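What follows is a set of notes on a single structure, which appears directly below.
Keep in mind the model is a prediction, meaning the values are calculated, not measured.
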Amino acid sequence: MAASALPRSSVATDSLPAPTVARRPVIAVIGNPNTGKTTLFNALTGLTQHTGNYSGVTVESALGELSIDGTRFLAVDLPGTYSLAPRAPDEMIAVSVLLGYGRGVTAPDVILYVLDASNLDRNLYLLTQVLEVGRPMVVALTMADVAQQLGLAIDTKELSTRLGVPVIPVQATRRVGLSDLQHALGEAARSGASPIAPVRLPDALSDEVTHLSGSLSSANNTATPIPRFLIERLLLDTGGSVENELSRHYGDSVRTLALAARNRLASVGIHVPQIEIDTRYHWIAEVTLASVRQPLTTQHTWTERIDAIVTHKIWGLLVFLLAMAVTFQSIFSWAAPLMETIDAIFSTLGERVGSLLTDGPLRSLVVDGIIGGVGAVVIFVPQIAILFGLIGILEDSGYMARAAFLMDRVMASFGLSGRSFIPLLSSFACAVPGIMSTRSIDNHHDRIATILIAPLMSCSARLPVYVLFISAFIPAQTVWGIIGLQGLTLFAMYMVGLIVAPPIAFLLKRTLLRGESMPFLLELPPFKIPAWRVVLFRMYDRSWAFLRRAGTIILATTILVWALSYYPTQPHLTTEFDIKRATATAEERARLDIAEAGARLRGSYLGQAGRAIEPVVQPLGWDWKIGIATLASFPAREVIIAALGTIYNLGNKEDEGSIALRETMQAERWPDGRPVYTPIVALSVMVFFALCCQCGATLATIKRETGSWGYALFTFTYMTGLAYVGALLVYQIGSRL
Amino acid sequence: MKTLADLLPAQEGQISSITGIDSIAQRLSEMGFTPGQAVRVVRFAPLGDPIQIRLRGFSIALRRNEARRILLTPA
């Protein structure tokens, strides 16, 4: 069903490029992963760095500013990639940005290529492709220290001559070579001279590209010619992103033409795609032979010694468990005091502001809607900051790749890869940082599948719900003499999501997210000491991005639910309770206030909706009060406790430890005198909350990370469906036992 | 035919070709698995898969499924 809602492309390619207006010149930064690209970007742009949308592109990237000889440049950090043969949306975006292809996408004035000196062969592969984009380019040579340790001596001058572009050695963390690099970038941008592509593909292939280009422009009399670079990719990448993108716009004839061209080439012994790769690596071998002095023997490096431990059958698993325990513990417990402080600050703020305003819709909107809503957003920040600090350290040190190496076999059994492990583990504390951390998954379909199942992991917001229902309705007995039934139930609730998630991932990968399978290629980079600037920036950037973007959406849903529970105003209740209050004592008055709040909620639009859905929730063993409490907890699961408190006339300052709320719920009866809450009903509610996606923050984050409401809506729908069926089965089977 | 998946840790081989012309073959070649290239298996992951390979001065992990497509020249 959701297939049509899923985005097919992230770059708008429908119409002409926007007319050029006076704008800041652009530097695009590109290179392989693990080349020190982020560290260099950070050193160049400093505090101006932020995440945002590069013009015409819907997926966020790192942006920053950089001043060279009085000119302010906009720098965009493209995702690390190994090749410009795009196979996934993110890779297509990098190509589109470099070419300035697509509506509103401006081509960079200069490209900064980050070249890892310790890994020249493979790093030069992408470089030869980037040279063919036809933009001025400067190469920053990083990791010179690692290369030196390996005994490699690089002749920078010779390398620069061969490549036809400046090569500047840099050490970003020590700020060595940065001013030379900036100067070279400024020069290249001013001259505007495009490098001459040094690698020559066979003439027969170039002729086919020209021919294909001619056929396409005559077949589709479009005003904007398709860049030659893309026509070449169309020919070289069978079933790649360019072929898909072009055939979407110009029809299936594109595929037929490309196939015919490939067949003609094959008949003269030129085979796609090998021909491109062989030609490039052949050229690279010549260049490295002339510019690099290789050591005679390979040295036993630090990385190999550390690897022998951290990927060891026993020690490796121990180190891994320790790293995961620390990560999990930090987001689960270390964040707690900070979260409590934030909660306390917002409660106090609400009370202070509330006492300044007169009773009425304004006070309710400001205190319950806005302050309550903002508080509900800010409370996630400690978890996000701590998790991203740890992930930053694990990733920048090189350990993350080893963790993925260890876990890959397990994750592969349900169609994912080792890279999905950390995001899923983090989701046990909170799905929001978990989903945000899926950015490190390079396979697009794996990433989406991980995002869609991450909210099934039992997050810390479910814990209060479990605690309330378990302590109130699950008998404190032991089974088989040793295991506490309450603890066992809590454990079972954590297992529900864990058991359901793998088959869902498997199904998604077989249906909605089916597609060309991508090989699992995981580079294990050399270990290094993490750059603290990169780590700190990530903590700040992820927290701020969450506050700014998800915050607005969460605030809006909170205000919506507030409005639905506040209106209609029901003036008759005011009159009725005012009469009662006139003759009441102070103590009775407090009780009357609470009773009035309860009566208002029952009569509100939300209350009316709760009654309307009663037939739907009855098969779950629920009454309409549980129904509205569930509806009211749409923005966040734990809201159900405050909502139950309001419904049962206890005021809305209840928490899960509240004895009053527990007792009221235990005393709750159906009209025929049966208790509403039995252990089976409690289980049914808990299973519902274990499986549902009642979390505005999660949905907003899914939208933000996937760039589409489609996935957020899909997640909410499938999880609510799953939750309903789960609760139904628990009640229907449980009540018959 | 001997493939990269048949090597044991610390064993070396030389690539003769890669089977198939799909995107997996393309990706493997782009990463430097090209004919004539020397490769060494460093270790297996604790559960036997994936495999850590060393080539062209860097380390990379692949699954056996993909490693089987990398054919080696008979020693």
request  = Determine, for A:Glu91 against B:Arg27, whether the closest basic-nitrogen to carboxylate-oxygen distance falls under 4.0 angstrom.
outcome  = yes

remark   = dist B:Arg56:CZ -> A:Ile284:CD1 (nearest 0.5 Å) comes out at 7.0 Å

ask   = Is A:Val272 close to B:Ile21 at the side-chain level, that is, under 4.5 Å between some pair of heavy atoms?
value = no

query = A:Leu317, A:Leu126, A:Asp237: which one forms the most heavy-atom pairs within less than 4.5 Å of chain B?
reply = A:Asp237

query = Between B:Glu66 and chain A, which part of the residue has a heavy atom less than 4.5 Å away: side chain, backbone, both or neither?
reply = side chain

key: CZ on B:Phe33 to CG on A:Leu521, rounded to 0.5 Å   = 7.0 Å

task = Select one option (side chain, backbone, both, neither) describing which atoms of B:Ser29 are under 4.5 Å from chain A's heavy atoms.
result = both

query = Heavy atoms, side chains only, cut-off 4.5 Å: are B:Leu47 and A:Val410 in contact?
reply = yes

ask   = Taking all non-hydrogen atoms of both residues, which atom of B:Glu30 and which atom of A:Tyr281 are closest, and how far apart?
value = O-OH, 2.7 Å

request  = Tell me, out of A:Gln274, A:Glu523, A:Arg122, A:Arg409, who's got the most heavy-atom pairs with chain B below 4.5 Å.
outcome  = A:Arg122

query = At a heavy-atom separation under 4.5 Å, does A:His312 approach chain B through its side chain, its backbone, both, or neither?
reply = backbone

inquiry  = Nearest 0.5 angstrom please: B:Gln26 CD to A:Glu276 CD, how far?
reply    = 7.0 Å

message = Please classify the contact between A:Ala308 and chain B as side chain, backbone, both or neither, with a heavy-atom cut-off of under 4.5 Å.
response = both

task = Step through the shown structure and confirm whether more than 12 heavy atoms of other residues, nucleotides or ligands are within 6.0 Å of CG on A:Leu321.
result = yes

message = Within the structure provided, determine whether A:Ile277 and B:Thr34 are in side-chain contact (heavy-atom separation under 4.5 Å).
response = yes

query = Do the side chains of B:Arg43 and A:Asp307 get nearer than 4.5 Å, heavy atoms only?
reply = yes

Minimum side-chain heavy-atom gap A:Ser417-B:Arg63 below 4.5 Å = yes

Under 4.5 Å from a heavy atom of chain B, the part of A:Ala412 involved = both

key: Rounded distance (nearest 0.5 Å) linking atom CG of A:Leu120 with atom CZ of B:Phe58   = 12.0 Å

ask   = Looking at side-chain heavy atoms only, is the closest gap between B:Ile60 and A:Leu524 below 4.5 Å?
value = no

ask   = Do you know the tightest heavy-atom contact between B:Phe44 and A:Phe405?
value = C-CZ, 4.1 Å

query = Heavy-atom distance under 4.5 Å between the side chains of A:Asp408 and B:Asp49, does that happen here?
reply = no

ask   = So which of B:Pro35, B:Gly48, B:Pro50, B:Gly32 has the biggest tally of heavy-atom pairs under 4.5 Å with chain A?
value = B:Pro50

